[in-house]
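Following: one structure in structure tokens, then a few remarks.
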There are 2 protein chains.
Amino acid sequence: MSAEGVRARVRAEMTEEIKTVARRHLATDGANLSLRAVARDMGMASSAVYRYFASRDELLTALIIDAYDAVGEKVENAEKREKGGHVERLLVTAHAVREWALENPHQWALIYGSPVPGYQAPVDTVAPATRVILLIARIVQDAYEAGAIAEQAAITGGYADELARVAQQFTPGTPPRLVGAAFSAFIHLCGAVSAELFGQLNNSVDEDRRGYFEFQMRGAAAFIGLG
Amino acid sequence: MSAEGVRARVRAEMTEEIKTVARRHLATDGANLSLRAVARDMGMASSAVYRYFASRDELLTALIIDAYDAVGEKVENAEKREKGGHVERLLVTAHAVREWALENPHQWALIYGSPVPGYQAPVDTVAPATRVILLIARIVQDAYEAGAIAEQAAITGGYADELARVAQQFTPGTPPRLVGAAFSAFIHLCGAVSAELFGQLNNSVDEDRRGYFEFQMRGAAAFIGLG
DNA sequence: GCCATAGAGAGAGCAGTGCTCTTGCTTTTC
DNA sequence: GAAAAGCAAGAGCACTGCTCTCTCTATGGC
């Protein structure tokens, strides 16, 4: 392209490199990573980084969006390759989430851990954040439409209304109760992964953590009415 | 007591006051609270605080232990007052945990959120950390011994072995499969509360969050074989 | 009751942080 | 070629955790 394009490309490369270095620092410093340290690693002045990210929070936001997209893409690919039934699709999805989390514990903490103090997630993060739960919902919807799920008692109340609203938007035709069960599986999934990563399992489940996780997710599948 | 006792008591009071002020700061600054700001609030030099806590991490450890004990005590009291059946006891326990978490979101983040970078939890935190899960295990054991839980298929594998070991130590006589279900309820409980507090529910479950939580916990109870 | 001592607090100082502002320099645009 | 826009660097501000030194006071042995 034009020379303008060159500058834009260099800028994009710099932006990407800053994020890569920042991700490395995430491992040692967690969410309160040092912008100055990142700049030092890149051999540039700390003030120069502000040409690319207006603040540390903005850099964090970029990392958060990337993390959501990374886990989303990994999980979607894993599920796409699975040729088994609905339970298998659900389990392979869950295990893919866990594996990504084990590979990138600090990015997991960034998106599913305690929010960093004073940081307000902007709207840009909402869409990428929904990829995993949407995939689970789609699997459950597929199973429902295939008649693979036994009839369940309907639920009522405010939560049921909210579930109905969500169902209408993302998985029309699926009963609210079932959407609730899918959501429940997602909550259980996140809780199981976070418990493993954040140390709640230490001194009680130390060896077969994959078995632990499988047990949780089979329970979640059963609650959905699968398996 | 003697004059020595006076000094010791003043010291204990100061220690307690520092923790109280620090807990207040936790709300705005999260885990990276400022020791200097705490000192400023107390009208003393920051260096003086180091007479009471050797480092910020040591202060954090004290807050963590206090938090575990606070939620543990609240939950144990709530459960003690409940005169209903096993499901009711489990639900009142779960709701008590959630209510404490909603009242003290930053203390919840401290104990069940992402670990603070560079911080290594000392052994002193292990015992207080087990109070809630032990209470749940006791309820499940009671239900089992009362014959209130239907027979379940046993599980095998490494995780089952670990469960058996845990069962032998804390709830002897209870089948590993059932201990696993109790543990699963605890994991689900923590995940549900964290999801609510850490923002995963925003834009999908905004009104009846108690109903949402109740739904999760009834699912957990069903997995145990209750209700 | 006296006096050495241990405990408590204050202040200065070090190295680090996020972020801003000013100053030069280079690239793009007209 | 001149004007404008983008980039990088450096100094500086207010803040942080933590250490060290100094002073003062309450404590315990005699």
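Chain letters run A, B, ... following the sequence lines, proteins first and then strands; every chain starts at 1. Heavy atoms only: backbone and side chains are in, while hydrogens, waters and symmetry mates are out.
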- Task: Check the pair B/Glu207 / A/Arg165 against side-chain contact (heavy atoms from CB on, under 4.5 Å), numbers first and verdict last.
- Result: CA-CA 12 Å; B/Glu207 285 161 38; A/Arg165 224 170 303 148; 3.8 Å; yes
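Evaluated for a side chain to side chain donor-acceptor pair (under 3.5 Å) with B/Glu196, the options B/Gln216, B/Arg209, B/Arg98 yield exactly one hit, B/Arg98.
A/Leu59 comes within 4.0 angstrom of no nucleic acid atom, judged by non-hydrogen atoms across all strands. Within the nucleic acid shown, B/Ser46 comes within 4.0 Å of at least one base atom, counting heavy atoms only.
Take the nearest nucleotide of DNA chain C for A/Ala37 and for B/Arg36: the residue whose nucleotide is more 5' is B/Arg36.
A salt bridge links B/Arg218 and B/Glu214; the closest N-O separation between the charged side-chain nitrogens and carboxylate oxygens is under 4.0 Å. The pair B/Arg89-B/Glu79 meets the salt-bridge criterion, since a charged nitrogen lies less than 4.0 angstrom from a carboxylate oxygen.
In this entry the distance linking CZ of B/Arg9 with C1' of C/dA8 reads 17 Å, nearest Å. Atom CG in A/Leu60 sits roughly 10 Å away from atom P in C/dG18 (whole-Å rounding). One atom, CG of A/Asn32, and another, C1' of C/dG18, lie 12 Å apart when rounded to the nearest Å. In this structure, CZ of B/Arg40 is placed 8 Å from C1' of D/dC15, rounded to the nearest angstrom. We find that CD of A/Glu58 is positioned 16 Å from C1' of C/dT20, with the value rounded to whole Å. Going from atom CG of B/Leu35 over to atom P of D/dC18 covers 6 Å, rounded to whole Å. Residue A/Leu33 contributes atom CG, which lies 11 Å from atom P of C/dC19 at whole-angstrom precision.
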Look for any protein N or O under 3.5 Å of an N or O in nucleotides 7-10 of chain D and output each such pair with its distance, or none.
residue, atom, partner, partner atom, Å
D/dC7, OP1, A/Arg11, NH1, 3.3
D/dC7, OP2, A/Arg11, NH1, 2.8
D/dC7, N4, A/Arg51, NH2, 3.4
D/dA8, OP2, A/Tyr52, OH, 2.6
D/dA8, N7, A/Arg51, NE, 3.4
D/dA8, N6, A/Arg51, NH2, 3.2
D/dA9, OP2, A/Ala45, N, 2.8
D/dA9, N7, A/Ser47, OG, 3.0
D/dG10, N7, A/Ser47, OG, 3.3
D/dG10, O6, A/Ser47, OG, 2.9

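Taking the six-membered ring wherever Trp is involved, the centroid distance between the rings of B/Tyr112 and B/Phe198 does not fall below 6.0 Å.
The number of heavy atoms from other shown groups lying within 6.0 Å of CD (B/Glu103) is above 12.
The side chain of A/Arg56 has C/dC19 as its nearest neighbour among C/dC19, D/dC15, D/dG17.
Remark: the B/Tyr119 side chain and the B/Thr61 side chain contain an N/O donor-acceptor pair separated by less than 3.5 Å.
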